Each structure stands twice: as C-alpha cells, then as structure tokens.
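Predicted model, so just to flag it, every value in this text is computed and none were measured. Computation of the quantities below employed the complete heavy-atom set of this structure, encompassing side-chain atoms and omitting hydrogens, waters and symmetry-equivalent molecules.
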Amino acid sequence: MEYNSYWYLGLGILSILLLIYVYVATRSNRSLLLFFAMVGLGYLIETVIYNFGHSYQYFPKLIKHDSYYDSNMGAIASNALALPVVATFIGALRKNWKWIIFFTSLFAGIEWTFLQLNIYSHNWWKIGYTALGLLVFYFPISKVFDQLLSHPLTGKLHNILLFLIIGPISASFQFTPIMFVSNRYYELGWFDQLSEDTTAFGSIFYLCTCLFYVWIANRHWEFKWLKYVFTPLLMYTVNGILQKAGILHSLVWWDTWYYVILSVLMLKITVTISKHLSNGPKKNA
C-alpha cells in the first residue's frame, strides 16, 4: 500500500466510525436514510462538477490499472463517506451553525493539506468553492432533510428523497465491478480516456435507472409481480440497444445478466425504502 492510500483510508475509517456513533446516538434508521440522501445529493453535484466539469482529481493510489478510476476512489472517500457522514452528524443530531462553521473550516483545512501533500489537485476548482458550498448549502440542507424524514412523506418530496436515497446504492452496484474487474465500458468519444467516458455515461445511466425505479415503485398495478418481470426485461432491452449502438462493450459473459439481476434487486430495495418513507419514523425506527 502506498503513502497516498493511508490518508484516504484514514479519512474513510474515521467517517465510518462517526457514522456508527450517529446511528448509536439516534437509534433510528432515519439517520441511515439521511446519510444515503446526502450521498445521493453529493453524487448529483459530482456528476456535474467532477465527471463532466473536471474540477479536480484525486490520487489515492488504490487502483493501479487506471488513473481515472483511481481518482474515482478518492471521490468516493470524500463524497460517499466524509462529507455525507458529517452532514448526517449535523442533521441527525440537530447541530447548530457553530458546528457547521467548524466542519466547513475543517474540510477546507483537509483540502489544503491534501493539496500540499500532492495527493489531490485542482483544475479550476478552489478551496473557497468547497467552503461556500458546504457552509450555505450542503450542511444546512441536511437539517432540512432530517426534518422531512421525521414525518411520513408523500408526493414530490417523497419521490425526491427516495431518488436521492437509492442513487448511491444503485451507483455503487453499477460502478464497483466496472472499476475493479473491468466487466464493461461505455464508448461515446466524449473524453480521451475510456474510463472517463464510462464514468460520465455511467452516471447518466444510474440516474436514469433510479428515476425509473422511483416511477415504477409508485405504480399501483393489480398484479405487483408484473413489475418484477417488466423491470429486468427493460434492463435487458436497454443493454441490448446500447450494445447495438456501439456504446456499451461487455467484456465478460456475465455482464448483462449482472445488471438484469441488479435491476430486480434495486426495484425491491426501492419499494422497501418507499414504504419506510411513506410510513414515517414511528413505524420503522
């Protein structure tokens, strides 16, 4: 393991420990739902500024065969662990503005340190952008989300929170095999590296699938089992269309079937979480 890796792994481990503390302190599944919602929100932001905007690059040295996938691992340490965990701490434990200012300053300091250590670099991004975003938007909205999750949700708010919560689950299942075992790649000619194309299009793909899962989970069909037939058939068809178009290139025999089975699992997860959100914390805490 290289020097860079220890910094990212340390950040990840500390984040996991803080998340465990929050869950034990609240003794409520609501804190976990809040965590996933904050990860989902972070992923939306990263899709714009990191995947397409090339705002910065990470160098955790965790993946050897591809520098861009390695950078993605650094993004995961930051945006799937450190930032959303602290946001969950602030929201779930109802922390005030002093805590928000403290953690904003802390993350600005961590970013500066990573820059000095040359394990992270800016393209056009600035530390001030990070601080401003955390201070006025990301951390405060965690308190809003926590309030929403404290009550049964219906309508648009229910769908928005459901979409954000299932987003990181779907993204993790989709991207993990791509980065570690190279089961597929997407080729569109958007960027010089196939891994950049794959990450960018994969982000669009998982967001579209999540919109579909939210939509179909809310359908009140007389025969509910039809959802679990229609969903994998649609995933199989979409994969076939992408392959015919020369966008999707499967490299292992199980690739398509993995995503077909995943679609059924994600639909089940979406339906389950949807019921939790509709019932409210009293029935699922």
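Taking hydrophobic clusters as Ile, Leu, Val, Met, Phe, Trp and Tyr residues chained together by side-chain heavy-atom distances below 4.5 Å, Phe35 shares a cluster with Leu44. When hydrophobic clusters are built by joining Ile, Leu, Val, Met, Phe, Trp and Tyr residues whose side-chain heavy atoms come closer than 4.5 Å, directly or via intermediates, Phe36 is not grouped with Leu81. Cluster membership for Leu262 and Ile216, using ILVMFWY side-chain heavy atoms within less than 4.5 angstrom, is shared. By the criterion of side-chain heavy atoms lying less than 4.5 angstrom apart, applied directly or through intervening Ile, Leu, Val, Met, Phe, Trp or Tyr residues, Ile261 is not grouped with Tyr259; the two fall into different hydrophobic clusters. Clustering ILVMFWY residues whenever any of their side-chain heavy atoms sit less than 4.5 angstrom apart, transitively, puts Leu234 in a cluster other than the one holding Ile241.
Leu188 CG to Ile247 CD1: the interatomic distance, rounded to the nearest 0.5 Å, is 5.0 Å. With values rounded to the nearest 0.5 angstrom, Asp192 atom CG is found 12.0 Å from Tyr68 atom OH. Rounding to the nearest 0.5 Å places CG of Leu194 at 10.5 Å from OG1 of Thr199. With rounding to the nearest 0.5 Å, the separation of CH2 in Trp225 from NZ in Lys227 is 13.5 Å. Taken to the nearest 0.5 Å, the CD1 atom of Ile101 stands 13.5 Å off from the CG atom of Leu106. Within the model, atoms CZ of Phe212 and CE of Met266 stand 12.0 Å from one another, a figure rounded to the nearest 0.5 Å.
Asn4 places no side-chain N or O within 3.5 Å of a backbone atom of Ile119 that could act as its donor or acceptor partner. Under the 3.5 Å distance criterion, the side-chain polar atoms of Ser170 are left unmatched by any main-chain donor or acceptor of Ile166. For the pair Asn183 (side chain) and Ile178 (backbone), a donor-acceptor distance under 3.5 Å is present.
Note: Phe114 and Phe59 fail the aromatic proximity criterion, with ring centroids not under 6.0 Å apart. When ring centroids are compared, Trp7 and Tyr120 stay outside the 6.0 Å threshold. Aromatic ring centres of His249 and Tyr186 lie farther apart than the 6.0 Å criterion allows.
Inspection of the Asn72 and Tyr50 side chains reveals an N or O donor paired with an N or O acceptor under 3.5 Å. Remark: the Asn239 side chain and the Thr256 side chain contain no N/O donor-acceptor pair separated by less than 3.5 Å. Side-chain contact of Asn123 with Ser55: a donor-acceptor pair under 3.5 Å is absent, judged by distance alone. Between the side chains of His122 and Glu111, at least one donor N or O lies within less than 3.5 Å of an accepting N or O.
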Candidate pair Tyr56 and Trp124, rule ring-ring contact (aromatic ring centres under 6.0 Å, His included), full reasoning: CA-CA 7 Å; Tyr56 34 67; Trp124 54 267; 7.9 Å; no

Passes side-chain contact (heavy atoms from CB on, under 4.5 Å), Leu277 versus Leu149? Steps please. CA-CA 7 Å; Leu277 294 180; Leu149 291 169; 3.5 Å; yes

Taking it one step at a time, do Tyr213 and Phe163 satisfy side-chain contact (heavy atoms from CB on, under 4.5 Å)? CA-CA 8 Å; Tyr213 295 139; Phe163 172 77; over 6 Å; no

Verdict with supporting geometry, Tyr3 and Lys61, side-chain contact (heavy atoms from CB on, under 4.5 Å): CA-CA 8 Å; Tyr3 170 80; Lys61 303 295 184 181; over 6 Å; no

Donor-acceptor contacts, no H, no angles, side chain residues 131-146, under 3.5 Å, sequence neighbours left out:
{"from": "Tyr138", "atom 1": "OH", "to": "Met38", "atom 2": "O", "distance (Å)": "2.8"}
{"from": "Ser142", "atom 1": "OG", "to": "Ala87", "atom 2": "O", "distance (Å)": "3.0"}
{"from": "Ser142", "atom 1": "OG", "to": "Phe139", "atom 2": "O", "distance (Å)": "2.5"}
{"from": "Lys143", "atom 1": "NZ", "to": "Lys95", "atom 2": "O", "distance (Å)": "2.5"}
{"from": "Asp146", "atom 1": "OD1", "to": "Arg30", "atom 2": "NE", "distance (Å)": "3.3"}
{"from": "Asp146", "atom 1": "OD2", "to": "Arg94", "atom 2": "NE", "distance (Å)": "2.6"}
{"from": "Asp146", "atom 1": "OD2", "to": "Arg94", "atom 2": "NH2", "distance (Å)": "3.1"}

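Note on ring orientation: taking the six-membered ring where Trp is involved, the planes of Phe89 and Phe103 are perpendicular (angle over 60°, cut-offs 30° and 60°). Tyr206 and Phe175 have perpendicular rings, their planes meeting at more than 60° on a 0 to 90° scale where under 30° would count as parallel.
The side chain to side chain contact (heavy atoms under 4.5 Å, CB included) test with Ile273 is passed by exactly one of Leu161, Leu162, Val214: Leu162.
Counting Ile, Leu, Val, Met, Phe, Trp and Tyr side chains that sit under 4.5 Å apart, directly or through other members, Leu32 shares a hydrophobic cluster with Tyr23.
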